[in-house]
Amino acid sequence: MQDSRYHPEQVEKKWQQIWEERKTFEVTHQDTSRPRYYVLEMFPYPSGRIHMGHVRNYSIGDVVARMKMMQGFNVLHPMGWDAFGLPAENAAIKNNTHPAQWTYQNIGYMRQELKRLGYSYDWSRELATCHPGYYQWEQLFFLKFYEKGLVYRKKAPVNWCPTCVTVLANEQVEDGLCWRCDSSVENRELSQWFLRITDYAEELLQDLDKLTGGWPDRVLSMQKNWIGKSTGMEIDFPVQGLDAKITVFTTRHDTLFGATFMSLAPEHEMVPSLIRDNPGQDRIQQFIARTTAQEHRERTDDDAEKEGIFTGSFCINPATGEKMPIYLANFVLAEYGTGAVMAVPAHDQRDLEFARKYHLPVRVVVRPSDQSSDFHILDQAYSEPGVAINSGQFDHKPTHQVQEEIADYLESLQAGRRAVNYRLRDWNISRQRFWGAPIPVIYCEKCGIVPVPADNLPVLLPQDAEMPSDGRSPLPHMEAFVQIDCPECGGKARRETDTMDTFVESSWYFARFTTPRKPDSPFEPDAVKYWLPVDQYIGGIEHAILHLLYARFFVKALRDLGYWDLDEPFSNLLTQGMVLRDGAKMSKSKGNVVDPDEMIQRFGADTVRLYCLFASPPEKDLEWSDSAIEGSYRFLNRLWRTIHQLSGVLSPVGPCMPMDPGELSSEEKKLRAAEHEAMRRATRDMLDRFQFNTAIAACMELLNTIGQHREHLEKSSNGPRVLSSALSTLLTVLAPITPHISEELWAHMGHSHSLSESRWPDYDPRALVRDEVTVVVQVNGKLRSSISVPVDMDQEELKSLCLEEDKVKKHIEGKKVVKIIVVPGKLVNIVVR
RNA sequence: GCGAGAGUGGCGGAACCGGCAGACGCACUGGAUUUAGGAUCCAGCGGUUUUACCGUGGGGGUUCGAAUCCCCCCUCUCGCACCA
């Protein structure tokens, strides 16, 4: 007898070759015979090797893709590379090479790793964002955005990471630290390119409703928080002695009468004119210098001391006509609202602390509705709603009413207007780095900013760059790149040397996958219309704001440029949990990294995939266990052995082969019921709920049941057919999860067509109907006995049968039966007193 | 502080609409097979003072019946946070 043991490496290689030769996973949008389905996993950065997080992410995606194929969908399932980025530059410096070389080498290696896992990607659509064939379209979008005023250049305080030697977008600063390298971020004044994402703030917020149900609530709320809409008023405060006014944004205009001073961010544009005549200017300048030099993290720290300084100027409260001293305060943020705050110490804790420190007046203008008017403030500000006091004509009215009336009043005086403010800032996309898409702009001495004419795209990143060792971009010093004639006047000009944030690439790659090689335009309208939006997007929670917000914005912006009529890119989002080991994220420094290559070598790709899906449901973190993965390996071995040992009796029937129950023995019926029950559960868990762990448990149970009945059924009259159908069902359910071994055993059973081209069967509810059911008998809700009865037994008959039970009798003896509850087919509860 | 989520055996996890808590797997224990180890197969595996009682973070409630619904509290994770 030849070696019939399970050798994953042979089986897997064989089927990967077959799928490739047969182009099993190549699809086209011209297929109108089937409904379409687009499943996408977040594409990886080609860092060198894949890690377990990728394996988990892509295994989940692959099950979804293969499942949908078996359900008759035309499934687009592409893969590519998020290939621009800083690590390539650092590696290039270290190895004295070009970032492109490092990147393409990594892509080559990682592609092989992914292929070894047997994912159902349409590899003919593979793309790398660092390829000019990709980024040229991004440069075109930039030009179109520029025409529309959606991208603009401004000098502004920006986040500077000294380690990465570049600026960062607000979304890329976490807790004052760089998202990539954890360096403390500095504040710098630079001229940068910004995308006007704030134009879409309201739509980005509103459309979250469209995603409810399809996206996790957690992500929706994070996006909502980030956009940070608040509704209130802008109020103008005339400055005494200057023909100018300070505008504040407030949500509590009902407390306007209690505004006793003004707080400005030290960066506020009016500061120079406010302090011009102040003899103590030097001290103020020192304060400004000290505050603005502070690291972002330090200044916004919770426990940071509230500090300020008087400018010497006053403004007028438009409601009371009173003079309000103007202070600079370190806690007022230049980037939020207008950078100026009307301080209402009685009703805002920060203002109160500030007022106490600098001996400023505190005036109570709201009292709790259940307190008398001699309500006082000591060291706790009262920030709840209540009743207005000390507020002139608005007194004795509830605050919500006062809000409306003061808004009307100020608007009629033209001293203020209702306003909406967002926390979301425009997206700074300039990066002072080399390995990114060049921003297609030219600076002419005469004409100023001149966009590169679309015909001259792409602006290619030079192939011959030598990377300076200090991490700075070589571009500004590459005269061949920089020097150019102005396309408008022909005079001397210089190219922009900043490149785009790499999050720009990932904001539209899902659309390019629909026609990745199209040479003359970014998208083919028919293909985009057919495939988009992505039906199921899968990736890590770490992109809950960054990537997912940018991509949503891009879809809306490109819609308004006429590329499509799409509002949202991803209809459904699954955020998978992290892969942990010893309760911690895998990292080289902790030495708890599990190498996917090594696992594949030891157990095969199918086992690795199976374990990743079995160990926990997709959204939850997965604790890696070296011994638990052996359990998955054992299961596949048992499956392999079972089918090989039964070779003689198996035939290519099923899955869920229709059979006449009348012809089956009770044991045959039992296995058949187990088969259909497994199909029912697996279909529900996989298709509806993405709970692959319980679907796999159902498969294991089915194999266990087959094992119990196997010996007997091998010899019974219909046994072989029942066994064959059950095993076919098992392989069908496992096909999306462990495709190689499933195909191999499927072929071994004699099936002629390939399993990846088979259809997902429906279970037969009639197969689940049993003659007898086990009914649990409770007394006062406590389990006392269980009996087996015919499924169609009359309720009254069932009740009396339960009362006859010995174990039941013991518990109702000497008591009065008050009532009996019957849950048909399941349970009887006898209530006694 | 605000928002979201979670607490079930030694461990990962299950339990669909309120109806047998702990499916499935890991670890562990005993047995079979084996020169031995490994592999495989069979049996056991929440706790206890075991005819029974207790048990899903704690306390209360609704119900014939609660891991599941309601109220209060505790703990943990994540996100946001001097946001005017």
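These numbers come from the heavy atoms of this one structure, side chains and all, not from hydrogens, waters or symmetry mates. Below, read A as the first sequence line, B as the second, and so on, with proteins coming before strands; counting in each chain starts at 1. Just so it is clear, the model here is predicted, and its values are computed rather than measured.
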Student: Using the P atom as the reference point in each nucleotide, state the distance between B/A15 and B/A67 in Å, no decimals.
Tutor: 15 Å
Student: Does A/Gly631 reach a base, just sugar-phosphate, or nothing at all? Heavy atoms under 4.0 Å.
Tutor: sugar-phosphate
Student: I want to check something: taking the side chain as every heavy atom from C-beta on, are A/Arg680 and A/Arg684 in contact at a cut-off of under 4.5 Å?
Tutor: yes
Student: Counting heavy atoms from C-beta on, name the nucleotide in B/C64, B/C83, B/C54 closest to the side chain of A/Lys782.
Tutor: B/C54
Student: Looking at the side chain of A/Val823, which of B/G19, B/C24, B/C26 is the nearest nucleotide?
Tutor: B/G19
Student: Syn or anti for B/C17, given that syn means the glycosidic angle lies within 90° of 0?
Tutor: syn
Student: Sequence neighbours excluded, which residues qualify as side-chain contact (heavy atoms from CB on, under 4.5 Å) partners of A/Arg363?
Tutor: A/Thr260, A/Thr320, A/Glu322, A/Val365, A/Asn390
Student: In this structure, is the centre-to-centre distance between the rings of A/Tyr327 and A/Phe354 below 6.0 Å?
Tutor: yes
Student: If you assign each of A/Tyr611 and A/Arg681 to its closest nucleotide in RNA chain B, which residue comes earlier from the 5' end?
Tutor: A/Tyr611
Student: Let's test this: given Watson-Crick or G-U wobble pairing with both distances under 3.5 Å, identify the partner of B/A4.
Tutor: B/U77
Student: From the set B/C64, B/C83, B/G25, return the single nucleotide nearest to any side-chain atom of A/Asn829.
Tutor: B/C64
Student: Nearest to the side chain of A/Thr694, which nucleotide is it out of B/G25, B/A23, B/U40?
Tutor: B/A23
Student: Using the P atoms only, state how far B/A6 lies from B/C71, rounded to an integer number of Å.
Tutor: 15 Å
Student: May I have the distance from A/Leu827 (atom CG) to B/C17 (atom C1'), rounded to whole angstrom?
Tutor: 15 Å
Student: B/G13, B/G3, B/A84: which one has an atom nearest the side-chain heavy atoms of A/Val341?
Tutor: B/A84
Student: Ignoring backbone atoms, establish whether A/Arg638 has a side-chain N or O less than 4.0 Å from OP1 or OP2 of B/A39.
Tutor: no
Student: Over how many whole Å does the gap from A/Trp179 atom CH2 to B/C80 atom P extend?
Tutor: 14 Å
Student: Give the rounded distance in Å between these two atoms: CG of A/Asn780 and C1' of B/A66.
Tutor: 16 Å
Student: Is A/Asn704 touching bases, backbone alone, or none of the nucleic acid, heavy atoms closer than 4.0 Å?
Tutor: sugar-phosphate
Student: Given the P atoms of B/A66 and B/G61, what is the spacing between them in whole Å?
Tutor: 12 Å
Student: Report yes if at least one side-chain N or O of A/Arg350 is closer than 4.0 Å to OP1 or OP2 of B/C83; otherwise report no.
Tutor: yes
Student: Checking side-chain polar atoms at under 3.5 Å, does A/Glu675 have a donor or acceptor matched by the opposite partner on A/Thr729?
Tutor: yes
Student: Can you tell me if A/Gln172 and A/Arg180 form a side-chain donor-acceptor pair at under 3.5 Å?
Tutor: no
Student: Under a 3.5 Å cut-off for both distances, is B/U40 Watson-Crick or wobble paired, and to whom?
Tutor: B/A32
Student: Taking only the C1' atom of each, what is the distance from B/G12 to B/C54 in whole angstrom?
Tutor: 26 Å
Student: What nucleotide, of B/C24, B/G13, B/A84, holds the atom closest to the side chain of A/Ser616?
Tutor: B/G13
Student: With both distances kept under 3.5 Å, what pairs with B/G25, Watson-Crick or G-U wobble?
Tutor: B/C11
Student: Considering only atom C1', compute the distance from B/U62 to B/G46 and round it to an integer number of Å.
Tutor: 28 Å
Student: Output yes when at least one side-chain N/O atom of A/Arg5 is less than 4.0 Å from OP1 or OP2 of B/A39, else no.
Tutor: no
Student: Taking only the C1' atom of each, what is the distance from B/C28 to B/C73 in whole angstrom?
Tutor: 37 Å
Student: Can you check the A/Glu630 CD to B/A27 C1' distance for me, whole Å?
Tutor: 12 Å
Student: Would you mind telling me which of B/C26, B/A84, B/C20 lies closest to the side-chain atoms of A/Val332?
Tutor: B/A84
Student: For B/G46, give the paired nucleotide (Watson-Crick: N1-N3 plus N6-O4 or O6-N4; G-U: N1-O2 and O6-N3; both under 3.5 Å), or none.
Tutor: B/C54
Student: By the 4.0 Å heavy-atom rule, please label A/Asn421 as base, sugar-phosphate, or nothing.
Tutor: nothing
Student: Please determine whether the number of non-hydrogen atoms from other residues, nucleotides or ligands lying under 6.0 Å from atom NZ of A/Lys826 exceeds 12.
Tutor: no
Student: Can you name the nearest heavy-atom pair linking A/Gln403 to A/Thr251, along with the distance?
Tutor: NE2-O, 3.1 Å
Student: Classify the nucleic acid contact of A/Ala697 as base, sugar-phosphate or nothing, counting any heavy atom under 4.0 Å across all strands shown.
Tutor: base
Student: From B/A14, B/C26, B/A84, pick the nucleotide closest to the side chain of A/Ser625?
Tutor: B/C26
Student: What are the two closest heavy atoms between A/Ser263 and A/Val332, and how far apart are they?
Tutor: CB-CG2, 3.7 Å
Student: Identify whether any heavy atom of A/Pro216 sits under 4.0 Å from a base atom; if not, whether one sits that close to sugar-phosphate; answer base, sugar-phosphate or nothing.
Tutor: nothing
Student: Considering only side-chain heavy atoms of A/Phe331, which listed nucleotide, B/C83, B/C82, B/A14, is closest?
Tutor: B/C82
Student: Below 3.5 Å, does any donor atom in the side chain of A/Arg689 face an acceptor in the base of B/C16, or the other way round?
Tutor: no
Student: Any side-chain N or O of A/Asn225 under 4.0 Å from OP1/OP2 of B/C2?
Tutor: no
Student: Would you kindly give the CD-to-P distance between A/Glu384 and B/G1, to the nearest whole Å?
Tutor: 13 Å
Student: Contact class for A/Arg425 (heavy atom, under 4.0 Å): base, sugar-phosphate, or nothing?
Tutor: nothing
Student: Classify the side chain of A/Lys826 and the base of B/C20 as holding, or not holding, a donor-acceptor pair under 3.5 Å.
Tutor: no
Student: B/A27 and B/C45: how far apart are their C1' atoms, nearest whole angstrom?
Tutor: 11 Å
Student: Pick the closest RNA chain B nucleotide for A/Lys819 and for A/Gly339 by heavy atoms, then say which residue is nearer the 5' end.
Tutor: A/Lys819
Student: Base of B/G9 relative to its sugar, syn (within 90° of 0) or anti?
Tutor: syn
Student: Suppose you measure atom P in B/G18 against the same atom in B/C69; what distance do you get, rounded to whole Å?
Tutor: 7 Å
Student: What's the closest nucleotide to the A/Gln778 side chain, out of B/G19, B/C82, B/A14?
Tutor: B/G19
Student: Separation of A/Leu702 atom CG from B/A23 atom C1', in whole Å?
Tutor: 14 Å
Student: Rounded to the Å, how far apart are A/Leu352 CG and B/C82 C1'?
Tutor: 14 Å
Student: A/Ile741 and A/Leu636: which non-hydrogen atoms are nearest, and at how many Å?
Tutor: CD1-O, 3.7 Å
Student: What is the separation between atom CD1 on A/Ile696 and atom P on B/A14, rounded to the nearest whole Å?
Tutor: 12 Å
